[in-house]
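To start, the structure itself, in structure tokens.
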Protein chains: 2
Amino acid sequence: MSTSVPLRTPSALADRVQLFHALSDETRLAILGMLRGGERCVCDLQDDLDAAQSRLSFHLKVLREAGLVRDRKEGRWSYYAVNADRLADIETYASELRAPRIAKGAASPSPVLHHLTKAPPTGLTRARRGIAIATATGATKAGAKGLVGDSCCG
Amino acid sequence: MSTSVPLRTPSALADRVQLFHALSDETRLAILGMLRGGERCVCDLQDDLDAAQSRLSFHLKVLREAGLVRDRKEGRWSYYAVNADRLADIETYASELRAPRIAKGAASPSPVLHHLTKAPPTGLTRARRGIAIATATGATKAGAKGLVGDSCCG
DNA sequence: ATGATACAACAAAAGATCTTGATGTGTCAA
DNA sequence: TTGACACATCAAGATCTTTTGTTGTATCAT
């Protein structure tokens, strides 16, 4: 069960941002580290991380809302565990960034030596600013907006 | 050439935080998306992202300092490109979080049904608080601090 | 019932990040 | 030269995140 959001949906970037944001804090990474061994109750995490209860609660909420952990109530205790599916999303999103697109107005791969043609960076982009010189590849530009709406995969 | 920082070094979490923080912003993800096609100059990114120059410059700096992009000057232009090694770190760090540790005071895998023993979550943790009942596994606790200093895979 | 424990949620303050609008520097064409 | 361009950098303010202390709710042992 994948929880990843396809690249071209409106929420695509938002989902990635939420996921990576949840991972961009030492306390939260430490929590996830502790959960590698299996589920733990909040009180355990509190002891080991030596963090105030409300602080821990806050960070657990961030992780929960990002889908990185699940919680389970049992009597007085709340047990938190890693959501492995969501960890897989990290790798999905990372490999997305790796995957080269079909270049639209992009320079390399097959780097174009613009300075040799005396044309600016990607030719047609510069054309908009009044300099109309074709690049060596003659690449056309069609509203390339990077990660969204112009995806090779997803 | 890997740029990842081993788990047990002092800067381990800091490096992960810096990397994930750089990824936790829509503008920056859009930039990385645009760079999938190869290197681009700042002016191109500016056009396509429709972002103020100083704003873009700020985000490029964050990406650069996180090691996710490299820049190259050529005449008036600065070309930015993705650093693939650093993208690999994302996957390294993600799979680290996946890898189960040898449980020290952790509950599942092989989940211990604490409520059946009427003992609290991980037994010895609770003992510190004055409840001394051994768990089914009899797990001992030895300063498990999660991600740091208690790693299975360095 | 009473009191202790485990936790979530909230509000206010503190801190970090992001945006915006300058200002400065190097490059290049005219 | 002069002026236009392509940046980086900075300072101020806006905005977002995190911490801290407090309050509230549910569970449980006594």
Side-chain angles (χ1 to χ4, degrees), chain A residues 14 17-18 20-31 39-47 49-66 69 71-80 114-115 117-122 125-131 133, chain B residues 14 17-18 20-31 39-66 69 71-80 114-115 117-122 125-133:
Chain A
V17 165
Q18 187 179 32
F20 289 126
H21 166 72
L23 294 165
S24 67
D25 179 276
E26 295 207 5
T27 303
R28 292 194 288 269
L29 288 180
I31 291 170
E39 68 175 6
R40 311 287 300 264
C41 76
V42 177
C43 51
D44 268 9
L45 299 172
Q46 217 175 308
D47 285 353
L49 295 172
D50 197 38
Q53 186 267 317
S54 61
R55 187 169 154 242
L56 201 47
S57 207
F58 166 77
H59 288 296
L60 286 168
K61 191 184 186 187
V62 174
L63 289 170
R64 191 171 359 102
E65 287 177 347
V69 300
D71 65 328
R72 176 176 72 82
K73 303 251 167 184
E74 193 182 304
R76 295 190 240 194
W77 298 289
S78 270
Y79 292 86
Y80 279 82
H114 300 293
H115 63 291
T117 66
K118 286 197 170 177
T122 59
T125 301
R126 298 300 88 202
R128 264 207 252 138
R129 299 190 174 186
I131 313 169
I133 307 174
Chain B
V17 164
Q18 187 180 29
F20 288 127
H21 169 254
L23 294 165
S24 67
D25 178 277
E26 295 208 5
T27 303
R28 292 194 289 267
L29 288 180
I31 291 170
E39 68 174 9
R40 311 287 300 264
C41 75
V42 177
C43 52
D44 269 8
L45 299 171
Q46 217 175 308
D47 285 353
D48 286 4
L49 296 171
D50 197 38
Q53 185 267 317
S54 61
R55 186 169 154 240
L56 201 47
S57 208
F58 167 79
H59 288 296
L60 286 169
K61 190 183 186 187
V62 174
L63 289 171
R64 191 173 358 105
E65 288 177 348
V69 300
D71 66 328
R72 177 175 73 82
K73 303 250 170 186
E74 192 181 304
R76 296 192 240 192
W77 297 289
S78 269
Y79 292 86
Y80 279 81
H114 299 294
H115 63 291
T117 66
K118 285 195 171 181
T122 59
T125 300
R126 298 300 90 204
R128 268 208 249 139
R129 299 188 176 190
I131 312 169
I133 306 173

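Note that this is a predicted model, so its numbers are computed, not measured. In what follows, every heavy atom counts, from backbone to side chain, and hydrogens, waters and symmetry copies are set aside. Each chain gets a letter, A, B and so on, in the order its sequence line appears, and its residues count up from 1.
With hydrogens and angles disregarded, no donor-acceptor distance shorter than 3.5 Å links the side chain of A/Arg40 to the backbone of A/Leu45. In this structure, the side chain of A/Ser57 does not engage the main chain of A/Ser54 through any donor-acceptor pair within 3.5 Å. In this structure, B/Gln18 contributes its side chain and B/Glu65 its backbone to a donor-acceptor pair below 3.5 Å.
Side-chain atoms of B/Trp77 lie closest to D/dA6 of the nucleotides C/dG21, D/dA6, D/dA8. With C/dC7, C/dC18, C/dA22 as the choices, the nucleotide that has an atom nearest any side-chain atom of B/Phe58 turns out to be C/dC18. Between C/dT19, C/dA9, D/dT9, one nucleotide has an atom nearer to the side chain of B/Lys61 than all others, and that is D/dT9. Candidate nucleotides C/dA6, D/dT22, D/dT9 were compared by shortest atom distance to the side chain of B/Ser57, and D/dT9 ranks first. Of the listed nucleotides (C/dC7, D/dA8, C/dT19), D/dA8 has the atom at the smallest distance from the side chain of B/Lys73. For B/His59, the side-chain atoms get nearest to C/dC18 when compared with the rest of D/dT22, C/dC7, C/dC18.
The CD-P distance, from A/Gln46 to D/dT19, rounds to 14 Å in whole Å. Here the C1' atom of nucleotide C/dC7 and the CD1 atom of A/Ile31 are 14 Å apart, to the nearest Å. To the nearest angstrom, C1' of C/dT19 lies 13 Å from CZ of B/Arg28. The nearest whole Å value for the distance from the CG atom in B/Leu56 to the P atom in D/dT9 is 13 Å. Protein atom NE2 of A/His21 is 11 Å distant from nucleotide atom P of C/dC18, rounded to whole Å. The interatomic distance linking B/Phe20 (CZ) with C/dT17 (P) rounds to 17 Å, in whole Å. Here the C1' atom of nucleotide C/dT19 and the CZ atom of B/Arg55 are 7 Å apart, to the nearest Å. One interatomic measurement links the two molecules: CG of B/Asp25 to C1' of C/dT17, which rounds to 9 Å at whole-angstrom precision.
Judged by distance alone with a 3.5 Å cut-off, a donor-acceptor contact links the side chain of B/Gln53 to the base of D/dA8.
We find the CD1-NE2 distance between A/Ile31 and A/His59 to be 6.5 Å, quoted to the nearest 0.5 Å. The CZ atom of A/Phe58 lies 8.0 Å from the CG atom of A/Asp25; values are rounded to the nearest 0.5 Å.
Checking the phosphate oxygens (OP1, OP2) of C/dA8, a side-chain nitrogen or oxygen of A/Tyr80 falls inside 4.0 Å.
Using a 4.0 Å heavy-atom distance criterion, A/Ser54 is classed as a base contact.
The residue among A/Ala52 and A/Arg76 whose nearest nucleotide of DNA chain D lies closer to the 5′ end is A/Ala52.
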